[in-house]
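Note: hydrogens, waters and symmetry copies are ignored here, and every other heavy atom, side chains too, is used. Position 1 is the first residue of the sequence, and the numbers go up from there.
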Amino acid sequence: MRNTNTPRSGEQPLLSSYHSSDDEERGRRTLRGGNRRGSPLPPTSTSSAHTPTYSHFTAPDSTTSRPTLSRRSTNQLRSRSPTSARLEAKRKYTYAAFFLVTSLVSFVVQTELASYIQHDLGWNKAYAMLYLTHGSWIFLWPLQLLFLRLQRREQSWNQFWNNHKQILRKTAQMVERQEVRVPRGMGADRSPWPYLARTTAVVTTALTIAGSSWYVAVSMTTPSDLTAIYNCSAFFAYAFSIPLLKERLRLDKMLAVFVAIVGVLVVAYGGGSSNEAGQAGPATRFAGNVVIGIGSVLYGLYEVLYKRYACPPDGTSANRSMMFANTFGSLIGVFTVLVLWIPIPVLHVLGWETFEMPTGETASLLLISVFANMVFSGSFLVLISLTSPVLSSVAALLTIFIVAIVDWYLTGQPLEAPAILGGLLIIAAFGMLSWSTWKEMNEEERKGPVDLSSDSGDED
């Protein structure tokens, strides 16, 4: 992003995004920001390391006089003008729109390939596929690092790497404290990574159980029940957001979530397939519905836990939020690879899922499906970080309608009226929620401290 702030006469140019507030930080010993949701742990002191700078920008000479920070300039660091707030909110929403489209496209690709692999090619290994897809998230951070390195080729590797580590460390401290401004003080060398390790374990466990419930219930209940109940996670995301994220009860949001769930119900049950009921007995179907219901609750909880404990606070720049979302996604991948392989031999011994290496066409298509899931998951984590779990959940419901359209194109079987009506209801709900979120983002950007130090490049 270009710097839109023109230096005043006598001032040397600074990196306007990530490092523009470094001098102002030196001029103040403490500047504490507002707390959006409260830290999940008791407040602790964090690192006081200076924000890294980059060689291709001129650093201010220590002998050069700096303007004195007046009360007015200090206050300007605490909040933004309505115009600046609107521009920052627009910037976040633009990024969110891009990652929304990316997530929808990649999800459709993954869904169609997974269905083909399981049903047509016969490689029906539910947990193994879940392990491979979630394990692939480990590559999110390395790919991001490669992208950032290509943008900073003029820097030496040591300088680039040290800067990147400092940025991640400072952002992790912001996540742990839920404060945009991390104050200096005692215990400045305390590492935030133990906190992130605990958070990763909890969030990944909720995600894995929620994802596994779908595969368990798919053979126990009807496709209509499966679709309707599992996608009620949007409701649970909103329900958990109220106590954990301190969301206000807003009529427009409640109405949007209600309309979205109605749309899902219309899609799921509007077709009225008579042969669905015979696929499972009443007791088995009820048990399957309970299993998928638990999964729906846990998936909504996973989204809110991620937003609450693993995302930077409101006021954080868009690029910093995106960078840390991919980093945390890689932590989920690491936990999956190192820990969640354990059920694979257990399932094999019990005969519930015999392990079998994919070969030939199955292996090739599985690789593409896993890559598509990695792109979808990284984009979805960014979307939650930039907006909210509720908007992201309702946005994910759009995939129901999009997959139906793609199936129509691939099979030639036209959409039924309930599918079209339900899809339109979901689209309408998403539009309502998008407008509500846009207004909230504008409000958040106008108040509280704003992260002026991370808007481009590696710095984010």
Side-chain angles (χ1 to χ4, degrees), residues 91-115 129-130 132-141 143-144 147 203-204 206-208 210-211 214 227 230-231 233-234 237-238 256-257 260 263-264 267 296 299-300 302-307 310-311 318-319 321-333 336 367-407 423 426-427 429-431 433-434 437-438 441:
R91 186 164 178 261
K92 282 189 174 183
Y93 224 62
T94 301
Y95 283 138
F98 170 79
F99 284 102
L100 169 63
V101 174
T102 303
S103 66
L104 294 178
V105 173
S106 56
F107 183 84
V108 171
V109 173
Q110 178 218 344
T111 301
E112 294 295 338
L113 287 177
S115 177
M129 184 172 289
L130 182 72
L132 290 174
T133 53
H134 289 184
S136 69
W137 298 14
I138 197 174
F139 297 107
L140 287 172
W141 174 74
L143 290 174
Q144 173 182 259
F147 176 77
V203 171
T204 308
L207 171 64
T208 303
W214 192 92
T227 301
Y230 193 70
N231 285 290
S233 60
Y238 188 43
V257 172
V264 173
V267 172
S296 179
Y299 197 82
Y302 146 72
E303 293 175 314
V304 176
L305 287 176
Y306 164 69
K307 180 69 173 181
C311 290
N319 286 325
S321 297
M322 291 188 294
M323 186 183 73
F324 199 79
N326 285 320
T327 302
F328 189 79
S330 277
L331 293 179
I332 293 178
T336 300
L367 182 63
I368 300 174
S369 177
V370 167
F371 176 79
N373 177 268
M374 180 191 68
V375 174
F376 162 74
S377 301
S379 301
F380 194 68
L381 291 175
V382 169
L383 187 62
I384 294 176
S385 184
L386 292 177
T387 57
S388 71
V390 182
L391 177 65
S392 302
S393 292
V394 174
L397 299 183
L398 295 172
T399 58
I400 298 174
F401 189 46
I402 296 174
V403 169
I405 294 175
V406 173
D407 286 340
I426 294 173
I427 292 173
F430 176 71
L433 202 54
S434 297
T437 303
W438 166 258
M441 289 172 68

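Using a 4.5 Å cut-off on side-chain heavy atoms (C-beta onward), Thr204 and Tyr302 make no contact. By the 4.5 Å heavy-atom criterion applied to side chains, Thr387 and Ser392 are counted as neighbours. A heavy-atom distance below 4.5 Å is not found between the side chains of Val375 and Gln110. Between Ser385 and Phe324 there is no side-chain heavy-atom pair separated by less than 4.5 Å. In this structure, Phe430 and Leu398 have side chains that are in contact, with non-hydrogen atoms separated by less than 4.5 Å. In this structure the side chain of Ile405 reaches within 4.5 angstrom of the side chain of Phe401, judged on heavy atoms. Using a 4.5 Å heavy-atom threshold, the side chains of Phe328 and Tyr306 count as touching. The shortest distance between side-chain heavy atoms of Phe371 and Leu367 does not fall below 4.5 Å.
Judged by distance alone, the side chain of Ser393 and the main-chain N or O of Ala234 form no donor-acceptor pair under 3.5 Å. With Thr327 contributing its side chain and Met323 its backbone, the two residues share a donor-acceptor pair below 3.5 Å. Side chain of Ser330 to main chain of Ile138: a donor-acceptor pair is present (N/O by atom type, distance under 3.5 Å, no hydrogens or angles). Side-chain atoms of Ser115 never come within 3.5 Å of backbone atoms of Thr111 as a donor-acceptor pair (strictly under, hydrogens ignored). Judged purely by atom type and a 3.5 angstrom limit, Ser103 uses its side chain to pair as donor or acceptor with the backbone of Leu100.
Under the side chain to side chain donor-acceptor pair (under 3.5 Å) criterion, Ser136 pairs with no residue, sequence neighbours left out.
Across all non-hydrogen atoms, the minimal contact from Gly423 to Val267 is N-CG2, 4.0 Å. Of all non-hydrogen atoms in Ser379 and Phe99, the two that sit nearest each other are CB-O, 3.5 Å. Across all their heavy atoms, Leu433 and Leu391 have their closest contact at CD2-CA, 3.5 Å. Ala260 and Leu397 get closest at one heavy-atom pair: CB-CD1, 3.7 Å. Residue Ser321 comes nearest to Leu386 through the heavy atom pair CB-CD2, 4.0 Å, listed as atom of the first residue, atom of the second, then distance. Leu104 approaches Thr399 most closely through the heavy-atom pair CD2-CG2, 3.4 Å.
Summarising the geometry, atom OG1 belonging to Thr208 is positioned 6.0 Å from atom CG belonging to Leu130; distances are rounded to the nearest 0.5 Å. Atom CE in Met374 sits 13.5 Å away from atom NE2 in His134 (nearest 0.5 Å). Put simply, NZ on Lys307 and CG on Leu381 are 11.5 Å apart, with the number rounded to the nearest 0.5 Å.
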What's the verdict on side chain to side chain donor-acceptor pair (under 3.5 Å) for Asn326 and Trp137, showing C-alpha distance, side-chain angles and the deciding distance? CA-CA 9 Å; Asn326 285 320; Trp137 298 14; over 6 Å; no
Assess the residue pair Tyr93 and Ser434 against the criterion (side-chain contact (heavy atoms from CB on, under 4.5 Å)); give the C-alpha distance rounded to whole Å, side-chain angles, the decisive distance to 0.1 Å, and a yes or no. CA-CA 9 Å; Tyr93 224 62; Ser434 297; 3.1 Å; yes
Which is it for Asn373 and Phe107 under the side-chain contact (heavy atoms from CB on, under 4.5 Å) test, yes or no, and what are the steps along the way? CA-CA 7 Å; Asn373 177 268; Phe107 183 84; over 6 Å; no
Step by step, would you call Tyr299 with Leu207 a side-chain contact (heavy atoms from CB on, under 4.5 Å)? CA-CA 6 Å; Tyr299 197 82; Leu207 171 64; 3.9 Å; yes
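Side-chain atoms of Ser233 and Glu303 include no donor-acceptor pair closer than 3.5 Å.
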